[in-house]
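We count ligands from 1, going down the list as the structure has it; atoms in each ligand are counted the same way. Values below: all heavy atoms of this structure, side chains included; hydrogens, waters and symmetry mates excluded. Sequence positions, counted from 1, serve as the residue numbers for this chain.
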Amino acid sequence: MWCSRMALRRLQRIVCTLNITGGLTGNMQREMSTLQRVYVTRQIPPEGLKILRESGQVQFELWDSDDVPVPRKELLQKVKGVDGLVCVLTERIDAELLDAAGPNLKVLSTMSVGFDHLSLEELKKRGIRVGYTPDVLTDAVAELTVALLLTTSRRLVEATHEAKTGGWGTWRTLWLCGHELANSTVGILGLGRIGVAIAERLAPFKVKKFIYTDVAPRPELASIINAEYVSFDELAKQSDFLSVCCALTPETKEICNKNLFSKMKNTSIFINTSRGGVVNQEDLYEALSTGQIAGAGLDVTVPEPLPTNHPLFTLKNCVILPHIASASYTTRNAMSALAANNLLLGLRGEPMIKELKL
Ligand SMILES: O=CC(=O)O
């Protein structure tokens, strides 16, 4: 259903005025035609929907579910002629979709920090502006990364399973031992806002040293956490905990493969809360099952959802979460609001709060 509460109120006002003077239908049509058309590909959290409804700027149609993504065929139909599009990371925004939308489409706003689901080249070619939602999720992602790291390194999933299923016998000296953060070296692959936030949270655990690698040194960010820039190989060799924080790009696709795992210590823990595509999962399975590395915690996989019969699920030393790093009520609402505001600003031709430079 095309909806905008504010627009409705304005129409009601027009109705009231013009009831006296007549000519209602023409004015109503003019009023409706000034509203820009938007399609929202998911039932996004309420704060964003409220902003869109009350904007008086757009009429929008929504795929009214959060449980199933909009089917591709339906999406290709619904985007026809829209001025703006709000999407989430499950939608592939490529040439086919942009062609289906047509030349009216001026703004795409994704409710995500990641943008590997967007064909930036196609968007740029068509002059479509792109909004995204960094920063507002940094705290939630960093918090979840720390939780996943500790869950993996201290073997919490195995431990609760043992406690519940009768494996808990007498207190044993080396049973369920893991690896601790105190005196460790933590490596960050791709140092950005999230990597810094993770390190800030890990520092009080008495980490000895933070190291990072990236396409180039990032001294301003690194100085916040006193991190040393090292080569990719050194990151692999030195890290007791290696946290992947880089975006998925053609350059980082499967960058975590046997080359990396074979250089890591057999006591090291690998954590990925960025994108599954940065990891070669066959190589990771090999590294985990042969004891080349001690454990892995993954919030992201390829594909998502990861089929329940995937070999990685058979490993005790692999903790897999269903892509929930930013999943706190506060953060998801903030992402929704930011996505809505980016869209409205973009449609007005104004600078967005967070816009991707294409
Ligand atoms: O993965 C989540 C996001 O990109 O926001």
Atom pairs and distances, donor-acceptor, side-chain atoms in residues 161-188, under 3.5 Å, two or more places apart:
unit_1: Thr165; atom_1: OG1; unit_2: His161; atom_2: O; d: 2.6
unit_1: Arg172; atom_1: NH2; unit_2: Gly167; atom_2: O; d: 2.9
unit_1: Ser184; atom_1: OG; unit_2: Leu181; atom_2: O; d: 2.6

Tabulate below the donor-acceptor pairs under 3.5 Å that side-chain atoms of residues 62-74 make, not counting sequence neighbours, or state none.
unit_1: Trp63; atom_1: NE1; unit_2: Val68; atom_2: O; d: 2.7
unit_1: Asp64; atom_1: OD1; unit_2: Gln43; atom_2: NE2; d: 2.9
unit_1: Ser65; atom_1: OG; unit_2: Asp67; atom_2: N; d: 3.0
unit_1: Ser65; atom_1: OG; unit_2: Val68; atom_2: N; d: 3.3
unit_1: Asp66; atom_1: OD1; unit_2: Arg42; atom_2: NH1; d: 3.1
unit_1: Arg72; atom_1: NE; unit_2: Glu96; atom_2: OE1; d: 3.3
unit_1: Arg72; atom_1: NH1; unit_2: Arg92; atom_2: O; d: 2.7
unit_1: Arg72; atom_1: NH2; unit_2: Asp94; atom_2: OD1; d: 2.7
unit_1: Arg72; atom_1: NH2; unit_2: Asp94; atom_2: OD2; d: 3.2
unit_1: Arg72; atom_1: NH2; unit_2: Glu96; atom_2: OE1; d: 2.9

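For the residue pair Thr249 and Glu251, a side-chain donor N or O sits within less than 3.5 Å of a side-chain acceptor on the partner.
Remark: Lys78 engages Glu61 in a salt bridge, criterion side-chain N to carboxylate O under 4.0 Å. Remark: Arg126 engages Glu122 in a salt bridge, criterion side-chain N to carboxylate O under 4.0 Å.
Sorted by chain and number, the heavy-atom contacts of ligand 1 below 4.0 Å come from Leu89, Ser112, Val113, Gly114, Leu137, Arg275, His323, Met335.
The ring-ring contact (aromatic ring centres under 6.0 Å, His included) test applied to Phe313 returns no partner, not counting sequence neighbours.
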